[in-house]
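The structure appears right after this line, and notes come after that.
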Amino acid sequence: MYRRYSYALSVAGFAGDIEDCYAGRLIAATDNSVYQQLPQLVIYPRHSADLQLALQLGQEQEYQELTFSPRGGGTGTNGQSLSQGIIVDLSRYFRQVLEIAPEEGWVRCQTGVVKDALNDAVRPDGWFFAPDLSTSNRATIGGMINTDASGQGSLVYGKTSDHILALQAVLINGEMIETGPMPLAEAEQKARGESLEAALYRQALATCVTHRQAIEAKFPPLNRFLTGYDLKHCYDPVLETLDLSRLLAGSEGTLAFITEAKLNLTEIPRHKVLVNISYRDFDAALRHAPVLVKAQATSVETIDSTVLDLARNDIIWHQVREHLSEGQAGQPMDGINMVEYTAVDADTLEAKLAPLLAELEAADGAHGVVGYKVCRDATSIQTIYAMRKKSVGLLGAVKGERKPIAFAEDTAVPPEALADFIVEFRQLLDQHHLKYGMFGHVDAGVLHVRPALDMKDEADEQLLRTISDQVAALTAKYGGLMWGEHGKGYRSEYAPTFFGAELYTELQKIKAAFDPENRLNPGKLATPYGHPNATLVSVDARKRGYFDRQIPVQVREHYAEAMNCNGNGLCFNYDTASPMCPSYKATGDRRFSPKGRATLIREWLRLNSDVGLDVSQAPKEGRFNPFMEVRQRHSRDFNHQVKDSMDACLACKACANQCPVKVDVPSFRAKFLQWYYSLYRRPQRDYLVANVEQLTPLMARFPRVSNALTHNPISQWLMAKGLGYVDTPKLSVPSLQQRWQQRQWPQVTVAELQQLSAAAREKAVVIVQDPFTSFYQADVVEALGQVISQLGFQPYLLQFIGNGKALHVKGFLARFRKLATQVTARLNQVAALELPMVGVDAATVLCMRDEYKDFSDLPVQFNVALPQEWLATQLQHFPEMQGSGEMPASDLFLHCTEQTAVPTSAKLWQQIFDRAAIAVKPVATGCCGMAGTYGHEREHLATSTKLYAMSWQQPMQASAQPLVTGFSCRCQVKRLQPQQKEKPQQVQHPLQLLAKQLTSA
Ligand SMILES: Cc1cc2nc3c(=O)[nH]c(=O)nc-3n(C[C@H](O)[C@H](O)[C@H](O)COP(=O)(O)OP(=O)(O)OC[C@H]3O[C@@H](n4cnc5c(N)ncnc54)[C@H](O)[C@@H]3O)c2cc1C
Ligand code: SF4
Ligand code: SF4
């Protein structure tokens, strides 16, 4: 039936995308929850007409069984967007901000817009969309409306539903409606019609007006009020209005598809202060919170001692400790409240703040306060919030099989009852001997806790059910809610308890008015009144752990980088100026994201285990075999679907460094490719890449001849058509060897280094070559030599010994292991001489730091420093230098791998250039799109060009003096912005500018 529907939809002129392949469905089978439900089809409508078409077709008799579930960013923590039917994903094409009215303070946008992207659009006019949520760089407005999202500062900034002015929505029959506050008389008039919309008004009036008393009595007076269908705010008895938007907000896709929203904006507070109050323990912090709320704070956030200890043991503590009061000697500090004050003008801010500061001054140990510190500048405020964020990430990165799980993570109780509630909550978790850390929005009585469980273990799965029931009962006892922030999803089975019999029946009637046949996200929140078969979903629904436990332990361990993905979706970051994840950003296809790839690999492991194949063992790595099976282009073989997803990866490693649990795609991608090519024939060009480190040094002996042979029109045509390689660079002329000879600097082997006298060693700096810069951009290595020499050292060019990064990227793992071991043996010998080693190319240096650890058969005892790492330790050797008035400001474009793996890089370069009297400004960019061989591969040219346009083109155009650290990036600029060469200062490595400056000093 789904196949027929999908065919009929495409024939009917559906302009969006239809995914019915296994990989395309799998990536929509999970969110950030523990659940896994495989949809039969995923569709991505391009516009509202497309969506209407899909739903109207669904009305035909033969498709009556089909169900439709909306999906946005897929960051729900309770399986809200999961379904075994059809997923309708609006995040791919509904991304337009349609209208901004700065004078009136509102914005109209499509609902697939990511929350931070919306704020980027309205920020220039001094506004922001206030409801906050931690997933703001990937959650969509549609998802926020449907979960009624909120977060820090909700007492002042409210929930999403508080900011909705109007909505446009498509109903199950394809009819489109507009909602907004409507005078009661008009609503009653509307309710008299025959349409589906009229039926909605009839029911809304019948429920929300008639049952007003019961509603007032049932909805707890909480900032995080009872979400579901918001019966309380749908009818406003003071203004005498009815607003269906309020029923849609929080409805989790069970009533309609919301396509557009007109939203209220808030003025950006220009002044902010953070008061960090330290307490002797967490309980004292919680008990003091209501006092702080009364003191007009914008928000009060808290963290417990577990989270605090994680921060204490992390590098971040060095930055935050000066902003936190540790209390007097002998006094423990085991809880913090972070109290934020904001205002649009400084006087108002000070007026708000003064009473609290006076009270704290006078506190003298009252409320368990051991001290406090005030952060007034944006940087220190950010540092404190970064600590909170990071330590929460650290909670998620715990070792062992039990991992923090979201299922009771957003309870809300009246803030004054929070401390007592938490005492009981802790007892409950401690009884089960669980590990957990707590943090939350104490001002709103919301607590975040994710107990660590192993969902592969059936006993732990059972424990999840037990704890869920206990937490539901505990929150009810305190007059609170189990879902204070993240919605209901598979926790919907508790809805009847929280709403009570009378109001739950009203919810069912509302559901029945919108969706009588239970076809919209069925089972969530409420079943349609009177429907004979409809049931609510339950926390016992099929979970990811069920599938994961089918993979043998040794295979899970071998592919831990993929198994550990917890689905939080940080890798869907929309921001083009951030390195994570270029292949997803360029395509908008979640198969091509770290989460997508981890999901596909897990299933690939499971299916292989099913047929008895142990992919934790290495397969035989063959040479070119013309008789091997060639991939069938249109086969539905899942191997190929996984391969397609891996092929789109640029191996930039942003995931390995920026994912909170370090999901390292290049690592499992290499293992997958090794297996894949034991089954299918490799393209010949892979062999060329694999041998590049042997070939290039030979060709570089005669660079002019080699360039003439490789860069004439016939060879270029053959390279492009035969091997699929385009725009390959030319070898440097003169070669590095010639440059070194000219300068009379030594070129040495390891044995020759061992012969150096003690005096020579004192001054020696060893340059470890890489196969790219040395042969294709020798001037950069020469610049490194110049800098070393200007600082009073002797540069020694170590004979090229290889690196093997390309072997790893292409999955030639046996050869990579061999080479990594050889290189390690040599460099360990250099390290034994205690000579500093520097390598220019970040990607290859970091490969030695990272991949060698796993592959070298010898322990890695050497460290090759990046130029900035070594230079930053030599600042005392810099001569006194004067800035030149003529020199334009320099912009630093860092290689994306370097940005994420060595996050201090920009700072180090700034320190170095400060010393050289040159102002350098780091530019926020993502991946340039080249990433080694990726951008040279013909089939990737379009994506590579798109990536460059997304984040590099504009700042590069604007830069008078661009400094670019990556070899690939410089090649990309040269190929895609050749006019850059016309500028007085060419695109150069920072070392080249530094060398000039030192020479002229
Ligand atoms: C690490 C982490 C931290 C989080 N922190 C917060 C937080 O601080 N505050 C908070 O409120 N939440 C938080 N969440 C939960 C989640 O991010 C929010 O619920 C978010 O609003 C979901 O948005 P989404 O676009 O990902 O929606 P999805 O998860 O895709 O969908 C959520 C629900 O909305 C429905 N839906 C989506 N779009 C539409 C549409 N256009 N029309 C109709 N229905 C639609 C779906 O069917 C589903 O029921 C967090 C989640 C994670 C993983
Ligand atoms: S890959 Fe990392 S960032 Fe992406 S969803 Fe998985 S755990 Fe989160
Ligand atoms: S290596 Fe880069 S392109 Fe590949 S999944 Fe990770 S972030 Fe995405």
Side-chain angles (χ1 to χ4, degrees), residues 30-33 69-83 87-91 94 110-112 114-115 131-136 138-152 154 159-160 169-170 248 251-259 261 392 396 406 409-410 441 446 448 484-489 520-521 524-525 562 564-573 579-586 592-599 645-646 648-666 669 896-897 900 927 931 934:
T30 54
D31 55 1
N32 184 226
S33 69
S69 296
R71 186 170 168 110
T75 65
T77 50
N78 296 288
Q80 290 94 328
S81 65
L82 306 185
S83 155
I87 299 282
V88 184
D89 190 328
L90 300 187
S91 69
F94 283 65
Q110 292 184 309
T111 47
V114 166
K115 139 101 176 170
D132 190 34
L133 81 175
S134 317
T135 44
S136 60
R138 56 225 196 251
T140 62
I141 296 300
M144 288 184 72
I145 293 171
N146 275 276
T147 54
D148 202 1
S150 59
Q152 188 187 344
S154 65
K159 295 173 60 122
T160 301
V170 179
L248 292 173
S251 68
E252 300 191 358
T254 60
L255 299 184
F257 285 87
I258 301 173
T259 50
V392 172
E409 80 285 5
D410 57 335
H441 318 297
V446 173
H448 291 309
E485 194 167 279
H486 298 171
K488 296 140 292 277
L520 276 172
N521 212 8
K524 313 282 167 54
L525 236 160
N564 285 343
C565 170
N566 62 30
N568 65 68
L570 193 77
C571 51
F572 299 149
N573 186 347
M580 180 89 115
C581 151
S583 61
Y584 169 62
K585 266 185 213 136
F592 304 154
S593 68
K595 176 177 173 180
R597 294 185 173 110
T599 305
S645 138
M646 299 302 160
C649 169
L650 289 92
C652 70
K653 296 206 68 151
C655 49
N657 299 308
Q658 289 204 326
C659 158
V661 294
K662 312 273 177 262
V663 166
D664 181 347
V665 174
R669 173 185 186 267
C896 60
T897 310
T900 57
C927 173
Y934 177 92

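Just so it is clear, the model here is predicted, and its values are computed rather than measured. When a ligand or atom number is given, it counts from 1 through the structure's own listing order.
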query: Looking at atom 2 (Fe) of ligand 3, what's its closest protein heavy atom, distance included?
result: Cys652 SG, 2.3 Å
message: Apply side chain to side chain contact (heavy atoms under 4.5 Å, CB included) to residues Met580 and Cys659 and explain how you reach the verdict.
response: CA-CA 9 Å; Met580 180 89 115; Cys659 158; 4.0 Å; yes
- prompt: Which of the listed options, Leu650, Asn573, Asn657, holds the heavy atom that is closest to atom 3 (S) of ligand 3?
  reply: Leu650
- line: The option among Lys585, Lys653, Lys595 carrying the non-hydrogen atom nearest to atom 1 (S) of ligand 3 is Lys653
- prompt: Is Gly74 near ligand 1, meaning one of its heavy atoms is under 4.0 Å from it?
  reply: yes
- prompt: Is atom 8 (Fe) of ligand 3 less than 2.8 Å from an N/O/S atom of Cys581, whether that atom is in the backbone or a side chain?
  reply: yes
task: Could you tell me whether Thr75 approaches ligand 1 through its side chain, its backbone, both or neither, with non-hydrogen atoms closer than 4.0 Å?
output: both
message: Regarding ligand 1, does His441 bring an N or O atom to under 3.5 Å of one of the ligand's N or O atoms?
response: no
- prompt: Side chain, backbone, both or neither: which part of Ile258 has a heavy atom under 4.0 Å from ligand 1?
  reply: both
query: Which residue owns the protein heavy atom closest to atom 4 (Fe) of ligand 3, what's the atom, and how far is it?
result: Cys649 SG, 2.3 Å
message: Out of all atoms in ligand 3, which are within 4.0 Å of some heavy atom of Arg597? Include the element for each.
response: 4 (Fe), 5 (S), 8 (Fe)
field: Identity and separation of the nearest protein heavy atom to atom 10 (C) of ligand 1
entry: Ser150 O, 3.3 Å
statement: heavy-atom search around atom 5 (N) of ligand 1 in the protein gives Ser134 OG, 3.4 Å
- line: A student checking ligand 3 against Pro594 at a 4.0 Å heavy-atom cut-off should list atoms 5 (S)
